[in-house]
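Please read the structure below before turning to the comments.
As the structure is a prediction and not an experimental result, all values here were calculated from the model.
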Amino acid sequence: MKLGVGVRFRLVFVGVMVAFILAGCGLETKTLPEFYENDLDGVTRIVIWDGSTGYKKTMTDKALIEEFLNKMKDIKFIPEENQEERTGWRYSINLYEKGKRTFQFTLNKVNNHYYYTEPDLHPIVDEFYKNLNVKEE
């Protein structure tokens, strides 16, 4: 099926505009190490908040921290097309270095922008949280 010049132009124009809008927002696909301004090896504590219960679990064991970050480091955060404000979150993850919180994100929001993840981050964090043998606070 051949498309007329006008139709082809409109399709190209729409594609360019979508790319321009996403680029204009400064949103691009990133991984956790690309978002994190410091070296992830410097993380000394991780707090995971469960948004459905309000409980949190804190990790300070270096081996657990490394295991958790290794599970997450290659996950791609891909910008959502819809950046309208939403409420609620399933898990909030807070990274600390020497007692100071250095980074916070939820499974679908980083730096006030919405993302989906490939692979899906929820089952990874959910399984890790449920199997984490530390007391809920």
Side-chain angles (χ1 to χ4, degrees):
M1 177 179 175
K2 289 186 176 183
L3 299 175
V5 173
V7 172
R8 286 193 310 244
F9 175 78
R10 282 184 282 227
L11 289 173
V12 169
F13 180 76
V14 168
V16 168
M17 290 307 296
V18 168
F20 179 75
I21 289 168
L22 287 177
C25 295
L27 298 181
E28 57 188 42
T29 298
K30 291 186 177 183
T31 60
L32 180 59
E34 292 171 321
F35 278 116
Y36 195 64
E37 294 179 3
N38 301 333
D39 185 353
L40 286 171
D41 290 337
V43 173
T44 56
R45 176 173 55 154
I46 297 178
V47 177
I48 304 174
W49 288 77
D50 182 335
S52 65
T53 66
Y55 290 113
K56 64 181 176 179
K57 291 185 178 182
T58 300
M59 292 180 273
T60 55
D61 179 86
K62 189 65 176 168
L64 276 177
I65 290 170
E66 286 178 15
E67 179 185 350
F68 183 69
L69 292 175
N70 280 334
K71 288 180 182 274
M72 296 183 46
K73 69 179 181 173
D74 294 324
I75 292 175
K76 293 181 182 358
F77 287 79
I78 303 162
E80 290 273 358
E81 203 170 301
N82 179 359
Q83 290 292 320
E84 291 178 33
E85 189 65 31
R86 300 161 206 172
T87 58
W89 42 267
R90 183 60 177 105
Y91 288 105
S92 175
I93 300 165
N94 298 267
L95 307 181
Y96 293 80
E97 290 186 26
K98 300 176 184 169
K100 180 182 175 196
R101 185 173 78 178
T102 54
F103 196 64
Q104 183 277 327
F105 64 100
T106 66
L107 302 186
N108 68 337
K109 188 175 184 182
V110 182
N111 297 334
N112 294 316
H113 295 102
Y114 292 98
Y115 296 85
Y116 66 94
T117 55
E118 290 289 334
D120 187 4
L121 188 54
H122 180 265
I124 295 166
V125 175
D126 192 53
E127 179 183 352
F128 196 89
Y129 183 85
K130 289 177 179 174
N131 292 318
L132 192 57
N133 195 19
V134 297
K135 184 180 176 188
E136 284 186 320
E137 303 169 36

(message) Which heavy atom of Lys62 sits nearest to which heavy atom of Asp41, and what is that distance?
(response) NZ-O, 2.6 Å
(request) Starting at CZ of Phe103, measure out to OH of Tyr36 and round the result to the nearest 0.5 Å. (result) 8.5 Å
(message) Tell me the closest heavy-atom pair linking Thr44 and Gly99, and the distance in Å.
(response) OG1-N, 4.3 Å
(message) Taking Ile78 as the starting point, is it possible to reach Met72 by hopping between hydrophobic residues whose side chains are less than 4.5 Å apart?
(response) no
(request) If you link ILVMFWY side chains whenever their heavy atoms are less than 4.5 Å apart, which other residues fall into the same cluster as Trp49? By chain and number, please. (result) Val47, Trp89, Tyr96
(request) Would you please name every residue forming a side-chain contact (heavy atoms from CB on, under 4.5 Å) with Lys30, sequence neighbours left out? (result) Glu28, Glu34, Phe35
(message) For Asn108, give me all partners under side-chain contact (heavy atoms from CB on, under 4.5 Å), at least two apart in sequence or on another chain.
(response) Arg86, Thr106, Tyr114
(request) Give me the ring orientation class for Tyr91 and Tyr129: parallel if the planes are under 30° apart, tilted from 30 to 60°, perpendicular past 60°. (result) tilted
(message) Treating Lys57 as the side-chain partner and Leu132 as the backbone partner, does any N or O pair qualify as donor plus acceptor under 3.5 Å?
(response) yes
(request) Without swapping roles, check the side chain of His122 against the backbone of Asp120 for a donor-acceptor pair under 3.5 Å. (result) no
(message) Is any side-chain heavy atom of Val134 closer than 4.5 Å to one of Asp61?
(response) no
(message) To the closest 0.5 Å, what do you measure between CD (Glu97) and CG (Asp39)?
(response) 8.0 Å
(request) Kindly compute the distance separating NE2 (His113) from CG (Leu27), expressed to the nearest 0.5 Å. (result) 4.5 Å
(request) Kindly indicate, with the supporting measurements, whether the criterion side chain to side chain contact (heavy atoms under 4.5 Å, CB included) is fulfilled by Phe105 and Tyr115. (result) CA-CA 11 Å; Phe105 64 100; Tyr115 296 85; over 6 Å; no
(message) Rounded to the nearest 0.5 Å, what separates atom CZ in Phe128 from atom CG in Leu64?
(response) 5.0 Å
(request) Group every Ile, Leu, Val, Met, Phe, Trp and Tyr by side-chain heavy-atom contacts under 4.5 Å, then state whether Tyr116 and Val125 land in the same group. (result) no
(request) Measure the CG-CG distance between Leu107 and Leu121 for me, rounded to the nearest 0.5 Å. (result) 5.0 Å
(message) Quick check: closest heavy atoms across Ile75 and Thr117, and the distance to 0.1 Å?
(response) CG2-CB, 3.7 Å
(message) Nearest 0.5 angstrom please: Lys130 NZ to Asp50 CG, how far?
(response) 8.5 Å
(message) Donor-acceptor check, side chain of Lys135 to backbone of Thr58, threshold 3.5 angstrom: yes or no?
(response) no
(message) Run the salt bridge (charged side-chain N to carboxylate O under 4.0 Å, His left out) test on Lys56 and Glu137 for me, step by step, so that the C-alpha distance in whole Å, both residues' side-chain angles and the decisive distance to 0.1 Å come before the verdict.
(response) CA-CA 5 Å; Lys56 64 181 176 179; Glu137 303 169 36; 3.7 Å; yes
(request) For side chain to side chain contact (heavy atoms under 4.5 Å, CB included), just list the numbers for Asn38 and Leu95, CA-CA rounded to whole Å, side-chain angles, deciding distance to a tenth of an Å, and then say yes or no. (result) CA-CA 11 Å; Asn38 301 333; Leu95 307 181; over 6 Å; no
(request) Identify the residue among Gln104, Gln83, Glu85 that makes a side-chain hydrogen bond (donor to acceptor under 3.5 Å, both in side chains) with Lys109. (result) Glu85
(request) Report yes if some heavy atom in the side chain of Thr29 is under 4.5 Å from a heavy atom in the side chain of Pro79; otherwise report no. (result) yes
